[in-house]
Number of protein chains: 2
Amino acid sequence: MTTIKDVAREANVSISTVSRVLNGSGYTSEETRQKVYQAVEKLNFKRNMIAAAMIKKQTSTFGLIIPDIKNIFYADLTRAVEDTANQHGFNIVLCNTDNNLTKEAEYIDFLIAKGVDGIIFSTPEVKDKNIKQVVEEYPDLPVVILGSKIPGVKINEILVDNFEGGYMATNHLLELGHKKIAFISGSADSYASIERYKGFQSALADKKIKIIEDFVIFDKFYIDSGYKNGLKLLSRQDRPTAIFAASDAIAVGIYKAARELNLKIPEDLSIIGFDDSQFADIVFPPLTTIHTPIIEMGNRAMEIAIKTIKEKSHVKETIVFYPTLVERESTRKLDEGGCHS
Amino acid sequence: MTTIKDVAREANVSISTVSRVLNGSGYTSEETRQKVYQAVEKLNFKRNMIAAAMIKKQTSTFGLIIPDIKNIFYADLTRAVEDTANQHGFNIVLCNTDNNLTKEAEYIDFLIAKGVDGIIFSTPEVKDKNIKQVVEEYPDLPVVILGSKIPGVKINEILVDNFEGGYMATNHLLELGHKKIAFISGSADSYASIERYKGFQSALADKKIKIIEDFVIFDKFYIDSGYKNGLKLLSRQDRPTAIFAASDAIAVGIYKAARELNLKIPEDLSIIGFDDSQFADIVFPPLTTIHTPIIEMGNRAMEIAIKTIKEKSHVKETIVFYPTLVERESTRKLDEGGCHS
DNA sequence: CTCCTTAATGGAAACGTTTCCTTAAACCTT
DNA sequence: AAGGTTTAAGGAAACGTTTCCATTAAGGAG
C-alpha cells in the first residue's frame with residue numbers, strides 16, 4: 001500500500017505539502033502541485049479516508065435506518081436519500097430493522113462506533129425510544145426523521161401532511177356517494193396510521209356520518225394484512241362499499257381478497273390507497289391513491305443532514321409536504337341501483 | 001469523547017489491558033475484567049471503530065453495488081445480502097449505479113478509499129471493465145459477483161442457471177401448444193439476457209420450431225420496456241400467442257399493453273416471466289414465472305465474502321442455483337378453435 | 001531449590017493522515 | 001533601508017486504537 005509518505009519522497013516535498021495539495025488547502029505553488037500529482041500518478045496512490053477520518057472526525061457516511069428495503073415504499077425513499085448523498089460525496093449504510101427496537105439499537109451503536117456523520121431514520125413507530133436516546137446522548141450528531149415524528153423530541157422532521165391525506169382520501173370516497181367506508185391501516189402506534197385515521201374521522205364527521213367501529217382496523221402496512229382483513233371485512237353481510245387503505249400495499253391485499261370473493265373493483269367496491277407507490281400503476285384496475293412526494297422527501301432529508309454538517313448549525317427544521325389525490329380507476333360513484341331495502 | 005485511555009485511568013490499568021479485555025484477546029484476570037467493565041459503564045465509553053480499523057485494516061463494512069434499489073429484484077437481493085452481513089457483524093454501504101460505468105467506478109474508488117472489507121457486485125453487464133480492474137488491482141480484496149458473470153475474470157460467482165430457466169420457460173409455452181412465441185428481454189449485453197435467450201433458442205430448436213426474428217427484442221429489464229415492446233408486438237396482424245418476458249417487470253409492462261389492446265390473459269395471450277418477484281403475485285392474473293432463489297443467492301454471496309476474509313482464503317467459488325417453474329394463471333393451452341386460415 | 005512454563009500486565013511503536021506551529025524567502029510600503 | 005505582509009514549505013504532534021515485546025509473579029517439574 002502506498003501512502004502519502006511515499007508520494008512525498010517521490011515528489012521531493014514534505015508530507016504536509018502533499019496533504020495540502022491533495023486537499024487544496026493552504027498555500028501551494030503550481031510547481032509543487034505538479035510534482036505531487038505526478039508522483040501520485042506514478043505510484044498509483046489512493047487516499048486512505050479512514051486515516052483522514054481519524055483526525056477530521058468525518059467519515060462522509062450516513063446511516064439510513066428503515067424497517068425493510070423489500071417494502072417498495074422504503075426502496076423508493078432509500079434511492080432518493082442515496083442519490084442526494086452521493087451528489088454531495090457521501091455514502092449510505094443501510095440498516096433494516098423490521099421495526100425491532102433491539103435490532104435498531106444495535107445498528108445505532110454500530111453506526112456511532114463507526115463514526116457516521118449523521119443518521120436518517122425512517123421508522124414509523126411513535127414510541128421509538130432509541131431515537132430519543134440518540135438525540136439526547138449525541139446532541140451534535142445530525143439526525144433527521146423521515147416520514148414520521150416522535151412527540152416531545154426536538155429533531156429535524158420531514159413529513160407529509162398525513163391528516164390532510166387521510167381527509168382527502170375519505171372525502172373523495174364520500175363525494176362518490178359512499179357511506180359504508182372502511183379504514184384499514186398499519187400499526188396503531190405509527191405516526192402515519194394515527195394521522196391518517198384522524199383525517200378519516202374528520203372527513204366523516206364533516207359529513208355527519210358515523211364511523212362504524214368494526215370497519216376500522218389497525219394491523220400492518222403489508223399486502224398480507226390487507227388481504228386478511230379485506231377478506232374478513234368483505235365477506236360480511238353488510239360489507240363496506242368502499243375502503244380507504246392506508247397504504248398501497250394494503251390496497252393490493254384488498255384487491256386479492258376482493259377477487260377471491262368475486263367482488264369487482266370498482267363496480268362492487270371502491271378502493272383508495274396511500275403512497276402512490278409503484279404498485280398503484282401495476283395493479284388492475286389502476287389504484288386511485290394519495291400521492292406522497294417520496295423522492296422530494298428523501299432528497300430533502302439528506303440535504304438537511306448535510307447542511308447541518310456543513311454549517312455546523314443547531315437549528316432543527318420540520319418540513320411538511322402536501323399530498324395530492326391521484327384518481328385512477330379503483331374508485332367510482334356508488335351505484336345505488338341495487339339498493340332494495 | 002471518552003477513550004480507552006480514560007477507561008484505563010479510571011480502572012487503574014494500562015491501555016493495553018483495556019484493549020485486551022474489550023477484545024477478549026490475550027490474558028486477563030477476572031478481577032481486571034470487572035474493573036474495566038465498571039469503568040466502561042461509568043464513563044459510558046463507546047469504542048471507536050475507525051481507530052481500530054486504522055491498525056486492523058478491517059472496517060466490518062462491505063460495499064454493495066447494484067443498478068437501482070427501486071427495482072424490486074435488487075431490493076429483495078439487497079435485503080438478503082444485508083441480513084447475512086448483519087448476522088456476522090458487518091454493515092453494507094449501498095451504491096446505485098444505474099448501470100453507469102463511470103458512476104460505478106467512482107463508487108468503487110470511494111469504497112476502496114474507505115477501506116471496505118469487500119465488494120459485492122450485482123450488475124448485469126457482461127462487459128463491466130470496472131470489475132475486472134478491481135480484481136486485478138486489489139487481488140486480496142474479496143469480491144463476489146451476484147447474478148451475473150464477467151467472462152475471463154476469475155472471481156467468486158453466484159448464479160442462477162439462466163440457460164435452464166430460459167429453456168424451462170420456453171418449453172412450458174411450447175408444451176401448451178404455442179408456436180408463435182416472442183422473447184422480450186433486457187440489454188443484449190447482460191448475462192441474464194444472453195443466457196436466457198440461449199435457453200429460448202435451444203428449447204425452440206429441440207422442437208424444430210424456427211425463431212421469428214421480429215419476435216425477439218432486447219431492450220431494458222423495466223416495466224416500460226415491456227409495455228412499449230408489448231404494444232408493438234401485440235398490435236401486429238400476426239401477433240404472438242405467447243410471450244416469454246425475461247423479467248417479471250417486463251411481464252408487467254406487457255400486461256398493461258395487452259389490456260390496452262383488449263387482449264385477455266391468458267385467453268388471448270400467455271405470458272411467462274422470470275424472477276418470481278413480488279410483482280408476480282400482485283398482478284392479475286397471477287404471473288406464471290421462473291423462480292430465482294434470490295434470498296439464498298444473496299445470503300450465499302455475503303457468506304462467501306465473509307468466509308474469504310475470515311479464512312484469508314484465495315480460492316474463488318462459483319455457485320449456481322437452479323431455477324424452478326412456478327405455474328400461476330398467466331399461461332394456458334393454446335386455444336386453436338379460433339384458428340381459421 | 002532451580003529452572004521452565006504459564007498467566008497477567010505495562011510500555012511503546014505503529015497505523016496514515018491532518019493541522020498547528022515555525023521558518024524563510026519574496027514582495028510591498030513608507 | 002527597515003519593517004510588515006503574503007506565499008510557500010517543513011517538522012512534529014495528534015487522532016484512538018491494537019499489538020509486539022518486555023517484565024514480573026506464580027506455579028510445577030525435576
Side-chain angles (χ1 to χ4, degrees), chain A residues 1-40 43-61 89 109-110 112-117 138 140, chain B residues 1-37 39-40 43-61 89 109-110 112-117 138 140 309:
Chain A
M1 173 183 245
T2 100
T3 74
I4 214 181
K5 221 167 167 174
D6 304 317
V7 175
R9 193 180 313 117
E10 177 71 27
N12 254 316
V13 296
S14 73
I15 291 178
S16 21
T17 300
V18 175
S19 177
R20 251 165 305 182
V21 344
L22 259 25
N23 289 295
S25 62
Y27 293 115
T28 49
S29 71
E30 182 58 30
E31 199 194 335
T32 16
R33 249 172 282 154
Q34 289 312 322
K35 281 198 294 184
V36 170
Y37 291 142
Q38 280 168 24
V40 164
L43 303 179
N44 191 25
F45 167 79
K46 302 282 188 218
R47 73 205 149 135
N48 179 329
M49 293 180 78
I50 93 126
M54 180 99 217
I55 106 118
K56 290 213 275 195
K57 270 114 184 49
Q58 260 236 38
T59 52
S60 307
T61 305
D109 276 355
F110 219 159
I112 298 281
K114 285 189 177 179
V116 293
D117 296 339
Y138 307 95
D140 290 335
Chain B
M1 171 185 247
T2 99
T3 73
I4 213 180
K5 222 167 167 174
D6 304 316
V7 175
R9 194 181 312 116
E10 177 71 27
N12 255 316
V13 296
S14 72
I15 292 178
S16 19
T17 300
V18 175
S19 176
R20 249 165 296 168
V21 344
L22 259 26
N23 290 294
S25 62
Y27 292 115
T28 50
S29 71
E30 182 56 31
E31 198 195 335
T32 14
R33 249 172 281 156
Q34 290 311 322
K35 282 198 295 184
V36 170
Y37 291 142
V40 163
L43 302 178
N44 192 24
F45 166 78
K46 303 281 188 218
R47 73 205 151 134
N48 179 328
M49 292 180 78
I50 94 124
M54 180 96 215
I55 106 119
K56 289 213 275 194
K57 268 117 186 51
Q58 261 238 37
T59 53
S60 308
T61 305
D109 276 355
F110 219 159
I112 298 281
K114 286 190 175 177
V116 292
D117 296 338
Y138 306 96
D140 289 335
I309 291 177

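Computed from a predicted model, the values in this text were never measured in an experiment. In the text below, chain A, chain B and the rest are named by the order of the sequence lines, each starting its count at 1.
Rounded to an integer number of Å, the gap from B/Q34 CD to C/dT9 C1' is 17 Å. Atom C1' of nucleotide C/dT9 and atom CG of B/N12 are separated by 13 Å, given to the nearest angstrom. Taking atom CD1 of B/I50 as the reference point, atom C1' of D/dT18 lies 14 Å away to the nearest angstrom. Atom CG in B/N48 sits about 5 Å away from atom P in D/dT17, given to the nearest Å. Per the geometry, CZ belonging to B/F45 stands 4 Å off P belonging to D/dT17, to the nearest Å. Rounded to whole Å, atom C1' of C/dA8 lies 11 Å from atom NZ of B/K35. Between the CG atom of B/L22 and the P atom of D/dT19 there is a distance of 13 Å, rounded to whole Å. Following rounding to the nearest Å, B/K5 (NZ) and C/dA12 (P) show an atom-to-atom distance of 12 Å.
A cation-pi arrangement is found for B/R47 relative to A/F110, the charged atom lying closer than 6.0 Å to the ring centre and inside a 45° cone about the ring normal.
Taken from OG1 in A/T61 to NZ in B/K114, the straight-line distance is 3.0 Å, to the nearest 0.5 Å. One distance of note links CE of A/M54 with OG1 of A/T59; it measures 13.0 Å at 0.5 Å rounding.
With D/dA9, C/dT9, D/dT17 as the candidates, the nucleotide lying closest to the side chain of A/T32 is D/dA9. For A/K57, taking side-chain heavy atoms from C-beta onward, the closest of the listed nucleotides D/dT17, D/dG16, C/dT17 is D/dG16. Of the candidate nucleotides D/dA9, C/dT17, C/dC15, C/dT17 has the atom nearest to the side chain of A/I15. For A/S29, counting side-chain heavy atoms from C-beta on, the closest listed nucleotide (D/dT19, D/dA8, D/dG16) is D/dA8. Of the candidates C/dT19, D/dT19, C/dT9, D/dT19 carries the atom nearest the B/S16 side chain, counting heavy atoms from C-beta on.
Put simply, the side chain of A/T28 never gets that close to the backbone of A/V21: no donor and acceptor are under 3.5 Å apart.
Put simply, the side chain of A/R20 and the base of D/dA8 share no donor and acceptor less than 3.5 Å apart.
Between A/Y27 and the phosphate of D/dT7, there is a side-chain N or O to OP1/OP2 separation shorter than 4.0 Å. For B/N23, a side-chain nitrogen or oxygen approaches OP1 or OP2 of D/dT18 to under 4.0 Å.
Residue A/S19 is in base contact, counting any heavy-atom pair closer than 4.0 Å across all strands shown. Using a 4.0 Å heavy-atom criterion, one finds that B/M1 contacts the sugar-phosphate atoms exclusively.
For A/E30, the CD atom is densely surrounded, since the number of other residues' heavy atoms within 6.0 Å is greater than 12.
Positionally, the nearest nucleotide of DNA chain C for B/T28 lies more toward the 5' end than for the other of B/T28 and A/A52. Nearer to the 5' terminus of DNA chain D, by closest-nucleotide assignment, is the contact made by A/S14 (compared with the other of B/T2 and A/S14).
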